[in-house]
Amino acid sequence: MLVAVGTAACGSTAPNYPGATVPTAIVGEPYAVPAVITKPYVQKVLNALEAVNAQAARLIIARKSLVPAAIVDLESVDTPAELQAQEAVLRQESSAGFANFRSNPGLVHDSVTKILFSSPTCVYLAATRDYSQVEVHPPPLHTSYFALDERIASNQPDQPNPTPWVIAFLGYNSNGTVPRNPCMPA
């Protein structure tokens, strides 16, 4: 992710069971939802989503603008609400000339620390984020919270997100408390 902001909710009403049982994975699909959602699976998904985000970041920084190809990348990994939040922050960064971004940004490294909730359609997790390959003066490592929501099938077979997930929430509370679980209704 280029930034650590966002709001959106997943629609699941399933109880909070880390490692929830979900439909059986389809053999041969590397990102198919497994029978049990584990930290290694979620880590693999986040790595793939961050690779798409890094591709978008390189396009944006090279052109100093939120170019259409970068929007396609971001649309493939974010819900519409999360994309709006990302675009707002990118507009702020653009007005500053992307001064804190590396000229050829790499990946934000997310390290999954805990799965707080999982269901076949929504995963809520905590991860430590490292921006050192993206920003010239990165913030200290910190914990952010993600909600991954089931991705709606795309009519674009070549869309850049190889996973069945999109980021529906990415953020943290400034007071250090855990944000409300976006996978659960309010």
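For Gln133, the side chain to side chain donor-acceptor pair (under 3.5 Å) criterion is met by His109, not counting sequence neighbours. In this structure, the ring pair (Phe, Tyr, Trp, His ring centres under 6.0 Å) partners of Phe98, at least two apart in sequence or on a different chain, are Phe101.
What you find for Phe169 and Glu82 is that their closest heavy atoms are CA-OE1, 3.8 Å. Nearest heavy atoms, Gly106 versus Val134: O-CG2, 3.4 Å. Smallest separation of non-hydrogen atoms from Ser76 and Asn161: O-ND2, 2.6 Å. Counting all heavy atoms, side chain and backbone alike, Ala127 lies closest to Thr113 at N-OG1, 3.9 Å. Contact detail for Arg180 and Tyr124: the closest heavy-atom pair is O-OH, 3.7 Å. In plain terms, the two heavy atoms of Asp149 and Ala168 that are nearest each other are CB-CB, 3.8 Å.
Linking ILVMFWY side-chain heavy atoms closer than 4.5 Å, directly or via other members, places Val166 and Leu46 in two distinct hydrophobic clusters. Linking ILVMFWY residues whenever their side-chain heavy atoms come closer than 4.5 Å, directly or via other members, leaves Val77 and Leu59 in distinct clusters. Using a 4.5 Å cut-off between side-chain heavy atoms of Ile, Leu, Val, Met, Phe, Trp and Tyr, with links allowed through other members, Tyr41 and Ile115 fall into the same hydrophobic cluster. Under the 4.5 Å side-chain heavy-atom criterion for Ile, Leu, Val, Met, Phe, Trp and Tyr, Leu141 and Tyr172 are members of distinct hydrophobic clusters. Cluster membership for Val52 and Val67, using ILVMFWY side-chain heavy atoms within less than 4.5 angstrom, is not shared.
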Evaluate the criterion side chain to side chain contact (heavy atoms under 4.5 Å, CB included) for residue pair Tyr145 and Leu170; output intermediate values, then yes/no. CA-CA 6 Å; Tyr145 297 86; Leu170 172 57; over 6 Å; no
Can you list the steps and then say if Val42 with Phe146 is a side chain to side chain contact (heavy atoms under 4.5 Å, CB included)? CA-CA 11 Å; Val42 174; Phe146 289 80; over 6 Å; no
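The CD1 atom of Ile37 lies 9.0 Å from the CG atom of Leu148; values are rounded to the nearest 0.5 Å. Remark: Asn53 CG to Asp78 CG distance equals 6.0 Å, nearest 0.5 Å. Here the CD1-CD distance, from Ile61 to Glu93, works out to 8.0 Å after rounding to the nearest 0.5 Å. Distance check, rounded to the nearest 0.5 Å: NE2 of His137 to OG of Ser132 gives 13.5 Å. The structure places OG of Ser65 at 11.5 Å from CZ of Arg91, a figure rounded to the nearest 0.5 Å. Between Arg151 atom CZ and Thr121 atom OG1 the span is 14.5 Å, to the nearest 0.5 Å.
Annotation: Lys64, atom NZ; neighbour count of heavy atoms from other residues, nucleotides and ligands within 6.0 Å is above 12.
In this structure, the side chain of Glu135 does not engage the main chain of Asn100 through any donor-acceptor pair within 3.5 Å. The main-chain N or O of Thr177 is found under 3.5 Å from a side-chain atom of Asn175 such that the two form a donor-acceptor pair. Between the side chain of Lys114 and the backbone N or O of Lys39, no donor-acceptor pair lies under 3.5 Å. Judged by distance alone, with hydrogens and angles left aside, the side-chain atoms of Arg63 form no donor-acceptor pair with the main-chain N or O of Arg58 at under 3.5 Å. Checking side-chain atoms of Thr163 against main-chain N and O of Tyr31 turns up no donor-acceptor pair under 3.5 Å.
By the 4.5 Å heavy-atom criterion applied to side chains, Leu83 and Glu75 are counted as neighbours. Here the side chains of Leu125 and Leu116 are not in contact, with every heavy-atom distance at 4.5 Å or above. Within the 4.5 Å cutoff, the side chain of Pro164 has heavy atoms near those of the Val33 side chain. Using a 4.5 Å heavy-atom threshold, the side chains of Leu66 and Ser94 count as separate. The shortest side-chain heavy-atom distance between Leu107 and Asn47 does not fall under the 4.5 Å cut-off. Looking only at side-chain heavy atoms (C-beta outward), Ile71 and Glu87 come within less than 4.5 Å of each other. Between Ile60 and Leu90, some side-chain heavy-atom pair lies under the 4.5 Å cut-off. Annotation: side chain of Val45 is not in contact with side chain of Val123 (no heavy-atom distance under 4.5 Å).
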